[in-house]
Number of protein chains: 2
Amino acid sequence: MQSPTWKDPVTAADRVLLEIQRAIVEGQIPAGSKISEPELARRFDLSRAPLREALARLERCHLIERIPNSGARVVKLSVAGLVSLYQLRETLEGLACRLAAEHMTDQEIAEVQQLLDQHLSSQRVREGESYYQEAGDVDFHYRVILGSKNPYLINLLCDELYFIVRMYRVQLGMNGPRVSRAFDEHKAIINAIANRDGELADLLMRRHIGASRRNIESHFKQQGN
Amino acid sequence: MQSPTWKDPVTAADRVLLEIQRAIVEGQIPAGSKISEPELARRFDLSRAPLREALARLERCHLIERIPNSGARVVKLSVAGLVSLYQLRETLEGLACRLAAEHMTDQEIAEVQQLLDQHLSSQRVREGESYYQEAGDVDFHYRVILGSKNPYLINLLCDELYFIVRMYRVQLGMNGPRVSRAFDEHKAIINAIANRDGELADLLMRRHIGASRRNIESHFKQQGN
DNA sequence: CTGCATCACATTGTCGACAATTACAAAACA
DNA sequence: TGTTTTGTAATTGTCGACAATGTGATGCAG
């Protein structure tokens, strides 16, 4: 799935960015490991200039941490980090809901409702296909965030926080459960937005994300990462 | 005033970043103008490599916008942008207050209260000295944000949104008024935090920032930028 | 054996030049 | 005259090499 906020990767730095993002999110480059510029430059067959451009953007979305004259490391996942991240997400997506209830057109709302019905039916057919479930979840949240019509908020959630959230979910194997419940929660949220009840949509979204956080959190503890 | 989250500028890119940040915030490089890499490289007497590193970070804090193969422009200020920015700030600093009420130590709270008293007295003496007023305001907000102990939130408010907020305030000449009222509001907020009343601190901070927004907004309209 | 200084190596930061793309202007055409 | 085309100039993206800094091993003093 490609964010509607991204342009297609025209430059070499763009392309290598996408590859490294995927590699980090999927754990192919392990969390906490050191990033070697010469090594990655060889691996992706380009010079260090576009690679450093990509590293700058990776730092921007919190996937790596850089220390001047020392180098970059992939971020380490932790319970504290997860909690901090989701505290932020709850508040931000809650705000997105409130603004979406104000700014989304009736047609945009109808499209999201239609989308949910599509996902629900296709999910019932492909029982357990986690990819479509996650794609659907991401798609729903994207629509609402875009519906806020707030450029800063959109950039923040879709570009800066999206990948680190995904990294937590992917590396802890959060694909399967919570499917039908999530669909119900999505429906309730979009209905609140359709009724122009921003307060309620905000509350429901916070609950929705809070539940998701507790879900991941429990996996975290039981496998003791 | 230097953010506690910054390391001192060890590299050339760090130094030029600070200079360009200041130039943009103060309007020395006009809003909306095109950024020429060769020109800036000559002006600051370094090669394009560290300059591009600095540009990447400028984009990160929303001071410039880059288009691949085309170049970078300084952002344009607008009422819509101001509203979007402050919507975000209200929510984020409200969250910071709620978390600060939970996580700040009694000593940290006492230090902020002491700080406010200092600012109040020095403000009464230097009536109208806007620099100290802004420094005091920034300092107060910083303390609360750091008190949230949430790394993502701290990075966001102190590194990514700080400069663009400042750009609006500086370029619209928002220095003078609202001084004594702001001090009272600060006092009320820190008292709520001291009472561990996160809900109230959240509410008061949102109001405080909302008042500030309306203040800037009115200047915006009357000078028709 | 432990702690510290020294030295060699590897990595990051910076530079100047070249390639690829875009933007502007002049010219050709309808 | 207005529009498209084409060519040139300038800008951005990329490269390879050098300089500056950090890192780890080795040797020496205590």
Side-chain angles (χ1 to χ4, degrees), chain A residues 5-24 28-76 159, chain B residues 5-24 28-76 159:
Chain A
T5 66
W6 300 335
K7 328 296 168 215
D8 30 13
V10 297
T11 174
D14 291 334
R15 285 189 293 274
V16 73
L17 170 65
L18 291 180
E19 292 199 62
I20 301 181
Q21 266 179 342
R22 197 176 47 76
I24 291 180
Q28 191 174 333
I29 301 177
S33 65
K34 186 161 182 351
I35 297 265
S36 165
E37 292 185 6
E39 180 198 330
L40 280 189
R42 282 192 303 273
R43 174 166 164 186
F44 292 105
D45 194 47
L46 38 70
S47 93
R48 281 174 54 220
L51 180 67
R52 284 171 67 87
E53 173 83 27
L55 290 185
R57 299 194 206 169
L58 286 174
E59 185 180 25
R60 180 176 177 172
C61 51
H62 305 278
L63 289 182
I64 68 173
E65 288 166 353
R66 294 173 100 184
I67 298 175
N69 283 319
S70 171
R73 306 191 78 86
V74 179
V75 292
K76 283 188 62 175
D159 294 342
Chain B
T5 66
W6 299 336
K7 327 298 169 216
D8 31 11
V10 297
T11 174
D14 291 333
R15 285 189 292 273
V16 74
L17 170 65
L18 291 181
E19 292 199 62
I20 301 181
Q21 266 179 341
R22 196 175 49 76
I24 291 180
Q28 191 174 334
I29 301 177
S33 64
K34 186 163 183 349
I35 296 265
S36 165
E37 292 184 6
E39 180 197 329
L40 280 189
R42 281 193 303 272
R43 173 167 166 185
F44 293 105
D45 194 47
L46 36 70
S47 93
R48 281 175 54 220
L51 180 68
R52 283 171 68 87
E53 173 83 27
L55 290 184
R57 300 194 206 168
L58 285 174
E59 185 180 26
R60 181 176 177 171
C61 50
H62 305 279
L63 290 183
I64 68 173
E65 288 166 353
R66 293 172 100 184
I67 298 176
N69 282 319
S70 169
R73 305 191 79 86
V74 178
V75 293
K76 283 187 61 176
D159 294 343

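Any value given below was found using the heavy atoms of this structure, including those in side chains, with hydrogens, waters and symmetry copies removed. So that the names make sense, note that chain A is the first sequence line, chain B the second, and so on, each numbered from 1.
One interatomic measurement links the two molecules: CG of A:L55 to P of C:dT12, which rounds to 9 Å at whole-angstrom precision. Atom CG of A:L40 and atom P of D:dC15 are 14 Å apart (whole Å). A:I67 has its CD1 atom 12 Å from the C1' atom of D:dG22, to the nearest Å. One interatomic measurement links the two molecules: CG of A:L17 to C1' of D:dG13, which rounds to 15 Å at whole-angstrom precision. In this structure, CG of B:D14 is placed 13 Å from C1' of C:dT14, rounded to the nearest angstrom.
When atom types are taken as modelled, the side chain of B:R73 and the backbone of B:G32 share a donor-acceptor pair closer than 3.5 angstrom.
Using a 4.5 Å heavy-atom cutoff, the side chains of B:E53 and B:T11 are not in contact. Proximity of A:L51 to A:L46: side-chain heavy atoms (C-beta onward) are separated by under 4.5 Å at one or more points. The shortest side-chain heavy-atom distance between B:R57 and B:D14 falls under the 4.5 Å cut-off. At a threshold of 4.5 Å between non-hydrogen side-chain atoms, the residues A:V74 and A:L63 do not count as touching. Under the 4.5 Å side-chain criterion, counting only non-hydrogen atoms from C-beta, A:R66 is in contact with A:R52.
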Show me the protein contacts with nucleotides 21-24 of chain C, counting only N or O atoms at under 3.5 Å.
residue : atom : partner : partner atom : Å
C:dA23  : OP1  : B:S70   : OG           : 3.4

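A heavy atom closer than 4.0 Å to some atom of DNA chain C occurs in no member of residues 30-38 of chain B. A heavy atom lying under 4.0 Å from DNA chain D marks the following residues of residues 42-54 of chain B, by number: B:R48, B:R52.
Considering CZ of A:R42 and OG of A:S36, their distance stands at 6.5 Å, rounded to 0.5 Å. Annotation: the span from A:I35 atom CD1 to A:E59 atom CD amounts to 11.5 Å, rounded to 0.5 Å. Annotation: the span from B:R48 atom CZ to B:L40 atom CG amounts to 11.5 Å, rounded to 0.5 Å.
For A:A13 against A:A54, the heavy-atom pair with the smallest separation is O-CB, 4.0 Å.
Residue B:K76 places its NZ atom among 12 or fewer non-hydrogen atoms of other residues, nucleotides or ligands, all under 6.0 Å distant.
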